[in-house]
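When a ligand or atom number is given, it counts from 1 through the structure's own listing order.
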Amino acid sequence: MKKIAGHWQILMALVLAVGLGTIFRNLTIAADGEGEFVEFAKQATEVSSFIGDLFMSALKMIIVPLIVSSIIAGIGALGGVKGFGRLGAKTFGFYALTSLFAILVGLTLVNLIEPGIKDGQPNQTIAQAFEKASTDASDAEKAKIEQANQRKATDYADFFKKMFPPNIIAAASDNGQMLGLIVFSILFGVGMTRVPPGEMRHLQGTMQGINDVMVLVTQWIMSTAPIGVFALMFPVIYDAGWELIRELLKYFGTVLLALGIHLFVVLPLILKFVGKVSPIAHFKAMGTALLTAFSTASSSATLPVTMRCIQENAGVSRRTASFTLPLGATVNMDGTALYECVAVMFVAQVMGIDMSFGAQFVVVGAALLTSIGVAGVPSASLVAILLILKNSNIPNAEIAVAALLSVDRLLDMSRTAVNVFGDSCAAVVVASSEGEDVLTGNPTSSAE
Ligand code: ASP
């Protein structure tokens with residue numbers, strides 16, 4: 001019998017989790033939230049979350065050795081950073097422009113659809129639902145808001161300080177903060193090419209070896225992806241907070257439509273006309289990475305899979321992939337930038353605050369800058385949203401963010417997939433502009 005391809009298995013797991021989650025949820029509602037079945041369902045979701053966390057942790061486990069070895073081996077193999085300045089300029093240019101496009105798509109739709117307005121007035125039902133959801137918020141959610149409240153705008157500027165962490169071990173162990181590690185690895189790689197070549201031969205071979213082994217380990221972990229994805233999705237569907245989502249349908253629709261336009265129209269046009277590659281071929285190459293991003297809601301945890309897909313399926317060289325992707329997972333978040341803008345405008349609409357052109361301009365700038373500092377972990381952008389709301393003097397910011405947090409997962413999954421796809425587009429467009437043979441159907445697996 002022919003083996004079903006990995007991404008189809010993951011997709012099937014996703015569909016199964018949605019189906020079973022919905023059935024369990026409806027049976028729980030039918031039993032009025034009490035009784036033996038409900039107890040069983042709750043235990044099942046707990047076990048499921050536990051297995052899902054294991055899968056996420058396994059992916060995160062390989063991030064540090066993977067990034068470090070691939071950057072160092074990539075630079076070492078080239079004998080230096082010739083052309084790195086050019087690569088850097090292209091990558092950053094791509095990241096800034098695509099994030100801006102994403103924000104503008106979001107801003108346009110939120111102004112056209114006005115999800116927070118009903119009959120020309122701020123939607124009171126939503127404002128009340130916000131109040132209720134924020135009072136009902138779990139202790140963990142309340143603690144998160146409390147923590148977010150402590151953040152200041154300057155914390156995002158501090159992000160640049162993280163480029164040079166005083167302690168590289170601490171930076172490596174700080175989940176989601178990869179910038180210091182990237183800079184350190186680049187310096188290490190360059191240093192390696194500047195000492196007498198004979199002495200470095202072994203080190204270069206070692207780095208290359210570590211990288212090859214990490215790619216193989218990623219493959220092993222991904223062979224459990226259907227189970228991991230099911231385990232992550234099932235509890236999400238079971239306790240997604242559907243009552244509030246029902247009130248927020250227009251808002252959810254606006255966000256998903258904007259993300260969809262960026263994912264299926266803007267980025268493919270860029271792939272076609274700037275990268276001169278087939279968008280369909282690229283979607284196919286990145287299928288597994290997209291599904292993993294969607295299920296984990298973490299671009300950092302997805303990074304090993306993104307790296308593998310881009311090299312093995314799209315044929316991007318190790319040099320380009322190891323530079324663009326870890327950086328992208330850290331600083332480039334198209335979906336997040338778009339979401340921040342839509343969320344802030346939506347809360348302003350619900351709270352009856354008229355955002356002038358100038359005020360919207362500030363939101364665009366803030367979304368662009370803060371999306372650079374948002375970590376690639378679930379719900380990370382809600383902190384940035386709270387900050388922008390408070391800076392824009394929008395009342396009841398904490399209440400609104402607590403409510404949005406309680407129904408964040410589904411939108412988080414969608415924007416994370418867009419974040420990861422945006423990074424992968426940068427990798428192929430930059431690779432294609434560097435003369436690499438990408439998406440030709442005969443990929444040069446982990447080519448140098
Ligand atoms: N979960 C997103 C990511 O990992 C970040 C966010 O928007 O919350 O890319």
Side-chain angles (χ1 to χ4, degrees), residues 52-53 55-57 59-60 63 67 95 98-99 102-103 105-106 140-141 144-145 147-148 151 155-156 159 174-179 229 232-233 236 240 251-252 255-256 258-259 262-263 267 286 289-307 324-344 346-347 363 366-389 401-426:
D53 285 348
F55 175 64
M56 282 273 271
S57 305
L59 280 173
K60 287 187 191 160
I63 295 175
I67 308 183
Y95 286 159
T98 47
S99 295
I103 296 174
V105 171
E141 282 164 357
K144 209 164 184 178
I145 299 294
Q147 225 180 3
R151 297 283 292 258
D155 288 356
Y156 283 89
F159 167 80
D174 185 359
N175 230 333
Q177 295 299 348
M178 291 185 283
L179 197 61
V229 164
L232 284 169
M233 275 304 286
V236 169
Y251 169 64
F252 268 59
V255 174
L256 293 177
L259 287 174
H262 191 66
L263 181 68
L267 289 174
M286 299 310 297
L290 285 180
L291 288 170
T292 310
F294 186 75
S295 321
T296 58
S298 165
S299 16
S300 294
T302 310
L303 183 60
V305 189
T306 322
M307 296 274 271
T324 50
L325 292 182
L327 202 64
T330 318
V331 304
N332 180 49
M333 299 200 173
D334 294 2
T336 294
L338 180 158
Y339 181 66
E340 285 181 19
C341 180
V342 176
V344 168
F346 168 66
V347 175
V363 172
L368 195 62
L369 287 180
T370 54
S371 73
I372 298 175
V374 166
V377 294
S379 292
S381 50
L382 289 201
V383 181
I385 292 170
L386 183 59
L387 199 80
I388 305 177
L389 285 171
V401 173
L404 291 182
L405 182 63
S406 68
V407 289
D408 189 43
R409 190 67 182 201
L410 294 176
L411 295 181
D412 196 6
M413 291 172 10
S414 312
R415 63 180 185 259
T416 307
V418 175
N419 290 344
V420 167
F421 194 71
D423 301 341
S424 74
C425 288

- request: Identify the two heavy atoms, one from Ser379 and one from Arg415, that lie closest to each other, and give their separation to 0.1 Å.
  value: CA-NH2, 3.9 Å
- prompt: How close do Gly335 and Leu259 get, heavy atom to heavy atom, and via which atoms?
  reply: CA-CD2, 3.7 Å
task: Report, in ascending order of atom number, the atoms of ligand 1 lying under 4.0 Å from any heavy atom of Ala297.
output: 1 (N), 4 (O)
- request: Determine whether the side chain, the backbone, both or neither of Val377 has a heavy atom under 4.0 Å from any heavy atom of ligand 1.
  value: backbone
task: Using a strict 4.0 Å cut-off to heavy atoms of Ser379, name the atoms of ligand 1 that fall inside it.
output: 8 (O)
- prompt: Where on Ser300 is there a heavy atom closer than 4.0 Å to ligand 1, on the side chain, on the backbone, on both, or on neither?
  reply: neither
task: Output yes when a side-chain donor or acceptor of Tyr339 lies under 3.5 Å from a complementary backbone atom of Asp334, and no otherwise.
output: no
- request: Kindly confirm or rule out an N or O of Ala375 lying under 3.5 angstrom from an N or O of ligand 1.
  value: no
- request: Could you find the nearest protein heavy atom to atom 2 (C) of ligand 1 and give me its residue, atom name and distance?
  value: Thr416 OG1, 3.3 Å
- prompt: Which of the atoms in ligand 1, numbered in the order shown and given with their element, are less than 4.0 Å from a heavy-atom of Ser298?
  reply: 4 (O)
statement: In ligand 1, the atoms that come under 4.0 Å of a heavy atom of Asp412 are 1 (N), 2 (C), 6 (C), 8 (O)
message: Using only atom types and a distance under 3.5 Å, with no angle test, would you say the side chain of Thr336 pairs donor to acceptor with the backbone of Met333?
response: no
- request: For side-chain contact (heavy atoms from CB on, under 4.5 Å), just list the numbers for Ile145 and Leu382, CA-CA rounded to whole Å, side-chain angles, deciding distance to a tenth of an Å, and then say yes or no.
  value: CA-CA 9 Å; Ile145 299 294; Leu382 289 201; over 6 Å; no
task: Could you point out which residue of Ser371, Ser299, Ser99 forms a side chain to side chain donor-acceptor pair (under 3.5 Å) with Asn332?
output: Ser99
- request: Starting from atom 4 (O) of ligand 1, find the nearest protein heavy-atom neighbour and note its residue, name and distance.
  value: Ser299 N, 2.8 Å
- prompt: Polar-atom distance check: Gly376 versus ligand 1, any N or O pair below 3.5 Å?
  reply: yes
message: At less than 4.0 angstrom from any non-hydrogen atom of Ser381, what atoms of ligand 1 do you find?
response: 6 (C), 7 (O), 8 (O)
- prompt: Which atoms of ligand 1 are found less than 4.0 Å from any heavy atom of Thr336?
  reply: 5 (C), 6 (C), 7 (O)
task: For the residue pair Leu411 and Tyr251, establish whether any side-chain heavy-atom pair is separated by less than 4.5 Å.
output: yes
